[in-house]
2 protein chains.
Amino acid sequence: MLRLAILSLLANSDYSGYDLSKAFDASLTYVWAASQSQIYPELHKLEAKGLIEGVDVPQDGRPDKRLYRITDAGRDTLVEWADELPGTYAIRDRFQLTTINIGRLPPARARELVTGQRALLQQRHEVLAGIAELLESAGHRPGEPWNDQLGWRLTVEAGLRTSAAYVGWCDWALEQLDTSAAHRSRKHLPPIRP
Amino acid sequence: MLRLAILSLLANSDYSGYDLSKAFDASLTYVWAASQSQIYPELHKLEAKGLIEGVDVPQDGRPDKRLYRITDAGRDTLVEWADELPGTYAIRDRFQLTTINIGRLPPARARELVTGQRALLQQRHEVLAGIAELLESAGHRPGEPWNDQLGWRLTVEAGLRTSAAYVGWCDWALEQLDTSAAHRSRKHLPPIRP
DNA sequence: TTCGGCATGTAAGTGGTTACATGATTTC
DNA sequence: GAAATCATGTAACCACTTACATGCCGAA
């Protein structure tokens, strides 16, 4: 699916491999993570298929680069790939595997882990909020007439809502952990009565 | 991370490879998807490491099976693996790659895709709600004293909240698509004035 | 002079998917 | 008689990660 992600970016503007990698880290990571070392080989494959074309751009003061542009065939293929309704929705959330076993850890450590995850998600939410503002100031606001770019705003909103929900869950989970831990300590350390 | 997922299940009860695969499809899929063909080799690896041990159980009327049980070393390793705070949170949401490009599709098709995704997430939410009820009737309710299994309820709640948020997003997205599509048709088909 | 940024890559390894193979039993 | 369920697996392939290699520039 990396190809779909790359074409989605190249459909808006030209990129070098390096710039693509930056663009992934800056925004697309929140939907589809990709590492540098994946991107270069994928660009070669896309060019071999004629979906993008690269031009060598000499630069002075810094290394030359190869700028890629999407072709007409590339745009057609992008639409084809996007136009598939997936029959399943598979997630893999590493942190939830920890959560399942969180009761095997000491309460203090359990708290630490959830707090850490909360920070990650909170930060993600802030970055996405920034992107949403940028998009809005660039004219991508709800209610726009139908156009090619309209999907970006929707995707950012999905990220905002799911990360907000996740942060909310973290807070709820912390409360749960605290009450459960309290029950245990009450059992083990009953209050002293003079 | 599949090992973590498998050990998490085996920590609660014994399973054959086949049963594990079923258990994944029935519940863990919503956190960590795994296919049959992955599970068998992984079980061999875990047994070779001494984290689980298998016993051949002869059966009549159906093929013999090999039941796996977690070892003490396995429980220790499970806790070690669970006790890692991840520094990043990488998602890969295929549908959002479609969403980015949804403005390139005809409005009717765009609607169809979001509606399809909504159905998937709605179903996921219902299955998770069923699991939550099961857990609660089995005594896994919020406020329980600290225990090994307490994480399951938390994980199910995370699934409930994120899928609910996703369904909410789908509804919002459908509204957005409708208003954008309406703007377009108003442009192309201005109202007739006698 | 050392580090970070720009720019492009390779190699080795891990993780995961899809499809297939086998074979008995039960259900439609 | 065909299909689904139980049960275990293999093989080929694709996707992704981590680590490394190269080389030049500018800033601290």
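Below, chains carry the letters A, B, ... as their sequence lines are ordered, and counting in each starts from 1.
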Task: Between CD on residue A:Gln176 and CZ on residue B:Arg141, distance to nearest 0.5 Å - done: 13.0 Å

Anything under 3.5 Å between a donor and an acceptor, one on a side chain of residues 45-52 of chain B, the other on a protein residue two or more places apart or in another chain? List them.
unit_1: B:Glu47; atom_1: OE2; unit_2: B:Gly54; atom_2: N; d: 3.0
unit_1: B:Glu47; atom_1: OE2; unit_2: B:Arg66; atom_2: NH2; d: 2.8

- [ ] For the side chain of B:Tyr40, starting at C-beta, report the closest nucleotide among C:dG16, C:dG9, D:dA7.
- [x] D:dA7

Ignoring backbone atoms, test whether [X] places a side-chain nitrogen or oxygen under 4.0 Å from the OP1 or OP2 oxygen of [N].
| X | N | result |
| --- | --- | --- |
| A:Arg3 | D:dA15 | yes |
| A:Arg92 | C:dT17 | yes |
| A:Gln59 | C:dC6 | no |

Open item on the list: For B:Leu105, is there any backbone N or O sitting under 3.5 Å from a side-chain donor or acceptor partner on A:Trp146?
Closed with: yes

- [ ] Spell out, as yes or no, whether a donor-acceptor pair under 3.5 Å connects the side chain of A:Ser180 to the backbone of A:Leu177.
- [x] no

Without decimals, in angstroms, what is the distance between [X] [atom1] and [N] [atom2]?
| X | N | atom1 | atom2 | value |
| --- | --- | --- | --- | --- |
| B:Ile39 | C:dT17 | CD1 | P | 10 Å |
| B:Leu43 | D:dA7 | CG | C1' | 13 Å |
| A:Leu67 | C:dC6 | CG | C1' | 14 Å |
| A:Glu42 | C:dT8 | CD | C1' | 16 Å |
| A:Gln38 | D:dT17 | CD | C1' | 8 Å |
| A:Asp64 | D:dC25 | CG | C1' | 13 Å |
| A:Lys65 | C:dC6 | NZ | C1' | 9 Å |
| A:Met1 | C:dT17 | CE | C1' | 12 Å |

Open item on the list: Among residues 4-35 of chain B, which ones have heavy-atom contacts with DNA chain C below 4.0 Å?
Closed with: B:Trp32, B:Ser35

Among all residues two or more places apart in sequence or in another chain, which pass the salt bridge (charged side-chain N to carboxylate O under 4.0 Å, His left out) test with [X]?
| X | result |
| --- | --- |
| A:Asp25 | none |
| B:Asp60 | none |
| B:Asp14 | B:Arg69 |
| B:Arg124 | none |

Open item on the list: According to a hydrophobic-cluster definition based on side-chain heavy atoms being under 4.5 Å apart (Ile, Leu, Val, Met, Phe, Trp, Tyr only), do A:Tyr30 and B:Phe95 belong together?
Closed with: no

Contacts table for residues 80-91 of chain A: side-chain donor-acceptor under 3.5 angstrom, sequence neighbours left out:
unit_1: A:Asp83; atom_1: OD1; unit_2: B:Arg109; atom_2: NE; d: 2.4
unit_1: A:Asp83; atom_1: OD1; unit_2: B:Arg109; atom_2: NH2; d: 3.0
unit_1: A:Tyr89; atom_1: OH; unit_2: B:Asp93; atom_2: OD2; d: 3.1

Task: A:Glu136 with A:Arg153: basic N within carboxylate O range, under 4.0 Å - done: yes

Task: Axis deviation across the helix from C:dT1-D:dA28 to C:dC28-D:dG1, five-pair ends, to the nearest 10° - done: 30°

- [ ] State which residues pass side-chain hydrogen bond (donor to acceptor under 3.5 Å, both in side chains) with B:Arg111; sequence neighbours excluded, sorted by chain then number.
- [x] B:Asp178

Task: Residues within residues 44-58 of chain A bordering DNA chain D, heavy-atom distance below 4.0 Å - done: none

Open item on the list: Using the side chain to side chain contact (heavy atoms under 4.5 Å, CB included) criterion, which residues pair with B:Ser37? Sequence neighbours excluded.
Closed with: B:Ser35

Open item on the list: Generate the contact string for nucleotides 19-28 of chain C. Rules: B means base contact, S means sugar-phosphate contact only, - means no protein heavy atom under 4.0 Å.
Closed with: B---B-S---

TODO: Could you check if a side-chain atom of A:Leu154 sits within less than 4.5 angstrom of a side-chain atom of B:Trp169, using non-hydrogen atoms only?
DONE: yes

